[in-house]
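See below for the structure under consideration.
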Amino acid sequence: MVLSSLSFSMFTLGTVAPQFTGVSIVEDRGEGITMGLEMNWEGNPNIILDIKTRLGVGFPVQVKNIAFTGVFRLIFKPLVYINAH
């Protein structure tokens, strides 16, 4: 591997909030509930990565624009404590 280290020197997600475009809820026969949130995010983050190579060369890499589309799932299961004694 060429990299010896990778670290964040700055990490902000910017000012643009994600947009939720759809919600689906699925019940799992009493086992729990799964909520799917469809989301789009075209953010304006400011991320600076400090990369160092095994040759001793270091340089920063900046990420300024990110776009993400996907489904964020929340799984809710019953919180039940069963005493086996």
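In this chain, numbering begins with 1 at the start of the sequence shown. Note that the structure is a prediction, hence the values are computed from the model and not measured.
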side-chain contact (heavy atoms from CB on, under 4.5 Å) partners for [X], two or more places apart:
X: I47; value: F8, F11, P45, L49, V63, I66
X: E38; value: T21, V71
X: E42; value: A67
X: L74; value: M35, L37, F72, F76

Counterpart residues, side chain to side chain donor-acceptor pair (under 3.5 Å), relative to [X] (two or more places apart):
X: T69; result: N40
X: S5; result: none
X: Q19; result: none

So does K52 get a backbone contact from the side chain of S4, meaning a donor-acceptor N/O pair under 3.5 Å?
yes

Counting distance only, does the side-chain N/O of N46 pair as donor-acceptor with the main-chain N or O of L13 below 3.5 Å?
no

Residue pairs meeting ring pair (Phe, Tyr, Trp, His ring centres under 6.0 Å), one or both in residues 19-68, sequence neighbours left out, come to none

CD1 of I75 to OG1 of T34: how many Å apart, nearest 0.5 Å?
5.0 Å

Measure the OG-CZ distance between S24 and R73 for me, rounded to the nearest 0.5 Å.
7.0 Å

Cluster partners of M10, using ILVMFWY side-chain heavy atoms under 4.5 angstrom, listed by chain and number?
I48

Student check: side-chain heavy atoms of V26 and I33 closer than 4.5 Å
no

